[in-house]
Amino acid sequence: MTQRPHTLGVAVIGTGKMGADHVRRIQEVTSGARVTAVVDVDAERAKSVAARVDGCTVHTDPAAAMASADVDAVIVASPGPAHEAALLAAFEHDLPVLCEKPLTPDAASALRILQAEQKLGRRRVQVGFMRRYDAEYMRLKSLLETGQLGRPLMLHNRHRNVASPPGWTSEMLINDSVTHEMDVTRWLLGHEITAVTVLAPTPSANAPDGIRDPQFVVFETDGGAIVDVEIYVNCGFGYQVQAEVVCERGTARVGDGHAMVTNAAGRWGGIIAQDYIERFADAYDREVQAWVDATRRDEVTGPSAWDGYAVAAVCEAAVRALEEGGRMGVELVERPALYD
């Protein structure tokens, strides 16, 4: 077994909001790793991020960074369409990768990644579904695994953002937001999603012209559960992610955000997070630390390329359901033994 160096040299590909936050995280929070290279097509943006890290090199080509002797692992935080090329380059250099979601933007390209990884004979990719590392979701998963509540029957999800970024489309509510609920459903319940239906009310007055927001998404699973997701990306008041599992002998809910409730001046209340980085800061920290620790042991754990592929297939079915109406089935290839 190959032993990784004591301090892992990490190349971060993409220096936008997520990539820059990962650079900060590795330098300030994560133990056992340091950022040795950053990559971005915008060289000036990459330079500005690299300037905060001693000895960090700047590249505009991911393959050039991966060829560096001081790069032992890669974080891919570039836009989704660039992921396939970056992942295949990492495979050529036999580098472990933490790839932000989506694995790739569509099921066909995700399947190509799956097949390329199988040819290597071992996992190289962990997909960045960070909710699996959130303390509340982890407790919920542990509770369900005990069987105390019986078989899960339904899972209710709410996913709300203050406002959608410029350039968002109706399809992006599914591909960029509900993708998390797709993975959470599969992980919490241990089921694959077999069909999707998308319903949309008259759009909110808060939604930009042309965007169908909110949407109500329903999953059916191969374990007989029904799952719903309220996705509302222009709610105006805060960022909320909540989930409630209804089982045969009880229910369990996470995401209420009541860590502290104040009572003052005739009012009671708390604070609502304003974005995903604030709400899931601890989950991102835990995710990256787990990835670094596993990589230093020459292992790959966490959400796999199979998980990324399965979610991409569900996304495609959901977008068809949104555009065409009705219930759409989800088709998956047979799960390879590498991901059992």
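All values reported here derive from a predicted model rather than from experimental measurement.
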* Quick one: pull up CZ in Arg132 and CG in Asp183 and give me the separation to the nearest 0.5 Å. =>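 Output value for this atom pair is 4.0 Å.
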* Glu331: what forms a salt bridge (Lys or Arg N to Asp or Glu O under 4.0 Å) with it, not counting sequence neighbours? ->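 So Glu331 forms no salt bridge (Lys or Arg N to Asp or Glu O under 4.0 Å) with any residue.
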* Asked: Do other residues, nucleotides or ligands put more than 12 heavy atoms under 6.0 Å from Arg335 CZ?
  ->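 It does: Arg335 CZ has more than 12 such atoms within range.
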* **Validation row: Thr179, Phe129 side chains within 4.5 angstrom (heavy atoms)** =>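 In contact.
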* Distance from Arg212 atom CZ to Thr202 atom OG1, nearest 0.5 Å? ->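 One gets 10.0 Å once the value is rounded to the nearest 0.5 Å.
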* Contact check, side chains of Val288 and His22, non-hydrogen atoms, under 4.5 Å ->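 In contact.
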* Asked: CG of Asp340: more than 12 outside heavy atoms within 6.0 angstrom?
  ->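 Yes, the 6.0 Å shell around CG holds more than 12 heavy atoms from other groups.
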* **Check: Ala82 main-chain N/O paired with Ser78 side-chain donor or acceptor under 3.5 Å** =>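 No, Ser78 side chain to Ala82 backbone: no donor-acceptor pair under 3.5 Å.
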* Does Trp187 belong to the same Ile/Leu/Val/Met/Phe/Trp/Tyr cluster as Tyr133, with side-chain heavy atoms less than 4.5 Å apart forming each link? ->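 No, separate clusters.
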* To do: Report the distance from atom CG of Leu111 to atom CD of Gln118, rounding to the nearest 0.5 Å.
  =>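 Reported value, rounded in 0.5 Å steps: 8.0 Å.
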* **For the student: nearest non-hydrogen atoms of Ser109 and Thr104, plus distance** =>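 Distance-wise, the nearest heavy atoms are OG-OG1, 2.7 Å.
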* Got a salt bridge between Arg25 and Asp21, using NZ or NE/NH1/NH2 to carboxylate O under 4.0 Å? ->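 Here Arg25 pairs with Asp21 in a salt bridge, since their nearest N and O are under 4.0 Å apart.
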* Which atom of Thr60 lies closest to which atom of Ala43, heavy atoms considered ->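 Reported closest heavy-atom pair: CG2-CB, 3.9 Å.
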* Least distance between heavy atoms, Leu95 atom then Val97 atom ->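 Nearest heavy atoms, Leu95 then Val97: O-CG2, 3.4 Å.
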* Asked: Which pair of heavy atoms, one from Ala37 and one from Ala65, lies closest together, and at what distance?
  ->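 Of all heavy-atom pairs spanning Ala37 and Ala65, the closest is CB-CB, 4.3 Å.
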* Parallel, tilted or perpendicular: which fits the ring planes of His159 and His180, with parallel below 30° and perpendicular above 60°? ->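 His159 vs His180 ring planes: tilted.
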* Is it true that Arg186 and Asp307 have a side-chain N and a carboxylate O under 4.0 angstrom from each other? ->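 Here Arg186 pairs with Asp307 in a salt bridge, since their nearest N and O are under 4.0 Å apart.
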* Asked: Should the pair Glu248-Arg151 be classified as a salt bridge under the 4.0 Å nitrogen-to-oxygen rule?
  ->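 A salt bridge links Glu248 with Arg151.
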* Kindly say whether Ser170 contributes a backbone atom to a donor-acceptor pair with the side chain of Gln215 at under 3.5 angstrom? =>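 Answer holds: yes.
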* **Test side chain to side chain donor-acceptor pair (under 3.5 Å) applied to Asn234 and Asn206, Asn161, Asp213, the passing residue** =>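 The side chain to side chain donor-acceptor pair (under 3.5 Å) with Asn234 is passed solely by Asp213 among Asn206, Asn161, Asp213.
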* Asked: Any idea how Phe280 and Tyr137 line up, ring-wise: parallel (<30°), tilted (30 to 60°), or perpendicular (>60°)?
  ->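 Rings of Phe280 and Tyr137: tilted, 30 to 60°.
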* **Carboxylate-amine/guanidinium contact Glu244 Arg158, below 4.0 Å** =>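 Arg158 and Glu244: not salt-bridged.
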* Working to the nearest 0.5 Å, report the span between CD of Gln148 and CG of Leu143. =>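 Between atom CD of Gln148 and atom CG of Leu143 there are 5.5 Å.
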* Provide the closest heavy-atom pair for Thr36 versus Ala11 in the form atom of the first, atom of the second, distance. =>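 Distance-wise, the nearest heavy atoms are OG1-N, 4.5 Å.
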* With a 4.0 Å cut-off, would you call Arg123 and Glu299 a salt bridge? ->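 No.
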* Using the rule that two of Ile, Leu, Val, Met, Phe, Trp, Tyr join whenever any of their side-chain heavy atoms come within less than 4.5 Å, decide whether Tyr339 and Leu103 are in one cluster. =>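 The answer is yes; both residues are in one hydrophobic cluster.
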* Any salt bridge between Glu44 and Lys47, counting N to O under 4.0 Å? ->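 Yes, charged N to carboxylate O under 4.0 Å.
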* Heavy-atom distance under 4.5 Å between the side chains of Asp256 and Gln242, does that happen here? ->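 The answer is yes, as the side chains (C-beta and beyond) meet within the 4.5 Å cut-off.
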* Asked: So, Lys141 and Asp134, do they make that salt bridge, N to O below 4.0 Å?
  ->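 The answer is no: the pair does not qualify as a salt bridge.
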* To do: Give, for atom CG of Asp94 and atom CG of Asp72, the distance between the pair rounded to the nearest 0.5 Å.
  =>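 Interatomic distance, Asp94 CG to Asp72 CG, rounded to 0.5 Å: 11.5 Å.
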* Asked: Which heavy atom of Met130 sits nearest a heavy atom of Ala283, and at what distance?
  ->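 Scanning both residues, the minimum pair turns out to be O-CB, 3.5 Å.
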* Asked: Just one of Arg253, Arg131, Arg279 clears the salt bridge (charged side-chain N to carboxylate O under 4.0 Å, His left out) bar with Glu136, so which one?
  ->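 Result for salt bridge (charged side-chain N to carboxylate O under 4.0 Å, His left out) with Glu136: Arg279.
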* **SB check Arg122 Glu117 (cutoff 4.0 Å)** =>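 Judged by the 4.0 Å cut-off on N to carboxylate O distance, Arg122 and Glu117 do not form a salt bridge.
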* Hey, what do you get for CD1 (Ile231) to CG (Asn157), rounding to the nearest 0.5 Å? ->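 That separation rounds to 10.0 Å.
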